[in-house]
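To start, the structure under review is shown below, and the notes come after it.
The shown structure was predicted, so the numbers you read here are calculated from the model rather than taken from an experiment. Chain A is the first sequence line, chain B the second, and so forth, proteins listed ahead of strands; every chain is numbered from 1. Quick note: numbers below take in every heavy atom, side chains included, and nothing from hydrogens, waters or symmetry partners.
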Amino acid sequence: MIDRLMAEAPAFFTRDTAAFLGLALSRTLLMTVIGCGAGFVLGMVLAVVRRSRAGWLAPARVLAAAYVELFRRIPFLVILILVLFSVQAFAPDLSLLGIAAIAVTLAATAYLSEIVRAGLESVPRAQVEGADVLGLSAAQSFWLVILPQSWRVILPPAAAFMVMFIKDTALASHLGVVELAFSGKILVNRGFSPLYGFGAVLILYFLLSWPLGRMAAWLETRLAVSRHR
Amino acid sequence: MLLWLALIAVPLHARSLDTIRATGVLRVGVNPNFPPMSSFAADGTLKGFDVDVARRLADRLGVRLQLVPTEAASRVPFLVSGRIDLALGALTITPEREALIDFTVPLHSEAMGVITTARLPVTRWQELDRADITLVNMRGNQSVSVLREKLPKPQRLLVDGNADTIRAIAQGRADALVENVDFFVGFTKNYPDIAWRVLPDPIFVAWCGIGIAQGNDALRAATDAALRQLHGDGSIAALWRKHYGAAMTVPVSAAQLASVAKASRPTGYRFDWSGVWPELPYLAAGAVISLQIAVIAFVAGAAIGLGCALARLRGGTLLRRVCGAYVSFFTNTPALVQIFVLYYALPDIGVKLPAFAAVVIGLTLNAGAYLAEILRGGIVAVRTVELEAAEVLGLGRRDKLVHVMLPSIIRTVYRPLSSFFIVLVLGSSMGALFGVEELTGRAINISTANLRTIETFAVTGLIYIVLTLVASGLLAGAGRWLFRVRAA
């Protein structure tokens, strides 16, 4: 096996391979950033809708709750396949990367909405009632009272979720998005030893995920400290 | 979502010849993992027989070529939706496909034969009809159903890519591949140590055309004309020899080229659930397998996790380091790639795991790392006050563990553990990518046969929802009864 690795080394450690893996890495990152970014915004909207009290929003509350509850119970792979085929009817020109980003958004929205909701609920009701008494509108009380206090509770688990989702995007390889996991498979199919193809990919995932994970953990301790001050 | 899917009428987007000429781009779907038909070369561009044919077709139409990497199962839906104008990739002309798409005159033949190794002492394909033989095949290929008819006895292993079939034989997961020999024999180069054999007599010959959306008659006529010319001047034969190193086993006849297609009308995509309902028992049985995978991975993972959590809290320096490295490696890399390694790389060092075992072991190792973190959190969260109180009360080590520590730990970790079990149920769907016939794998099997992907997967999603709702409900109930864990 060592012989094989030595023999393949000059062909593997080339600028072409590095560029190929780099491009794949950027696609993995892009899917995660776009999907989780959009998912965070949509998730926040859903969380706010679910927190609302207005009578006319009752159907929206039910839909938002159903969405959050159901989409966390469908495997990401199944969401990917469903998005791939249903998007065809509306946007046949959308790239596979775009399709994967939509699937990430759909899944991330559901999970991040729960995280946001938990954060919003960490602010005691009494404060909202206080703001109400002071004559603040619902929007004012959200922006000025709830959000400034809850983002510290929201941010750490949201960051941790996004880091976690970097790894789940590997499933987009099934659609044919040449992201990190697929690039490893392509290298192995080209005849390289799996130790090289998958080894390189595992190292890259680790280099991407570990520092970001540490950052999320650091965020958690930092924000927790400032909260108890 | 189901309702929404059922109510919308899907518009048609197939681009006519005029549109293609106006935009100046012909979009051709080729399989990215199918050398020598088409595959990514070292410089990152697609190369192969199909790519050369597509380029010549685009030249004849006077437009630029845009290649769209398209997996086998996506070809028909992509044509119907208009994502691609033409579908290549050895698209066999079959009645099922002809119900949804049109075909040009044949581009090449497909002579079905047998690729095997010296391990299997057979000389004719008929001798393969034995229960102790495993035939490998590719999902979405027409040969799957043909095989079931001609060789019913052997076990079958379904994989996702062309390269995976030959790899499966090289690694001893399967004994033979019954397929178009020309397409697959190229992969045997990757395994020079194996004594590869090709049995001489073809089982039968099928024809592959270029797929076109229904009703796209002008494009079909133009493509037919271009193909007649390319066959006539010997270009296609020459390209075949260039990429396959030999002449086409059975060439396309002049009579086939002369046939003129009838005009067709687009039928469009209408939702049709009738092909899914009869498969519900098959899917439900798949759900049981998904659950099995999740339960095994959870129990084994919990054992690893507990050991690891204790080792990190109480163990020596080396043990702590090893467990810490294990946890950070497995939580910072995708479970999918971990299973890739178990399934595709381990055979190189002589460890040959069946797909089911590879998926279960991969998920177990992954679960072990996450559960170690959850359990460690639970142990750390036992309050020293409670332990001191137990001390004051004069409780022994055993009593302290059973009456103070364990209840506290269980109350902390029960809900995270239940959620992680659900994560594992959903994660078991990864098995589908390795040919494990759990719920998602079965859904892929069904949809490649009935070409009703959205319907099949919408139902599959619903089954997952019901499955996990029931599981969550049972777990929450058990928590309340057994450990007085409060509901969310």
Give me each pair satisfying side-chain hydrogen bond (donor to acceptor under 3.5 Å, both in side chains) with a member in residues 157-169 of chain A, each pair once, sequence neighbours excluded. none

Which pairs with one or both residues in residues 94-115 of chain A pass side-chain hydrogen bond (donor to acceptor under 3.5 Å, both in side chains), sequence neighbours excluded? A:Arg50-A:Glu114, A:Glu114-A:Arg117

Indicate every side-chain donor-acceptor pair of residues 17-40 of chain A with a distance under 3.5 Å to a residue at least two apart or in another chain.
residue: A:Thr17; atom: OG1; partner: A:Phe12; partner atom: O; Å: 2.8
residue: A:Thr17; atom: OG1; partner: A:Thr14; partner atom: OG1; Å: 2.8
residue: A:Ser26; atom: OG; partner: A:Leu23; partner atom: O; Å: 2.6
residue: A:Arg27; atom: NH1; partner: A:Val178; partner atom: O; Å: 2.9
residue: A:Thr28; atom: OG1; partner: A:Ala24; partner atom: O; Å: 3.4
residue: A:Thr28; atom: OG1; partner: A:Leu180; partner atom: N; Å: 3.1
residue: A:Thr32; atom: OG1; partner: A:Thr28; partner atom: O; Å: 2.7

Identify which part of [X] has an atom lying under 4.5 Å from any heavy atom of chain B, answering side chain, backbone, both or neither.
X: A:Asp16; result: side chain
X: A:Arg72; result: backbone
X: A:Tyr196; result: neither
X: A:Leu70; result: both

Part of [X] within contact of chain A (heavy atom distance under 4.5 Å):
X: B:Thr331; value: backbone
X: B:Ile349; value: side chain
X: B:Phe329; value: both
X: B:Asn190; value: side chain
X: B:Ala41; value: backbone
X: B:Leu469; value: both

Heavy atom to heavy atom, less than 4.5 Å: which residues from residues 205-213 of chain A reach chain B?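 Residues of residues 205-213 of chain A touching chain B at under 4.5 Å: A:Tyr205, A:Phe206, A:Ser209, A:Trp210.
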
Please identify, among [options], the residue contributing the most non-hydrogen atom pairs under 4.5 Å to chain A.
options: B:Val466, B:Asp164, B:Leu467; result: B:Asp164
options: B:Thr456, B:Ile84, B:Ile463, B:Val341; result: B:Val341
options: B:Ser429, B:Ala163, B:Ala443, B:Ala432; result: B:Ser429
options: B:Pro69, B:Pro32, B:Ser328, B:Ser447; result: B:Ser328
options: B:Leu336, B:Thr440, B:Val425, B:Ile465; result: B:Ile465

Scan B:Leu67, B:Ile20, B:Asp85 and name whichever one has a side chain to side chain contact (heavy atoms under 4.5 Å, CB included) with B:Arg27. B:Asp85

Centroid separation B:Phe420 to B:Tyr370 less than 6.0 Å: yes

Any side-chain donor paired with an acceptor under 3.5 Å for A:Asn189 and B:Arg167?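 Yes, side-chain donor-acceptor contact under 3.5 Å.
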
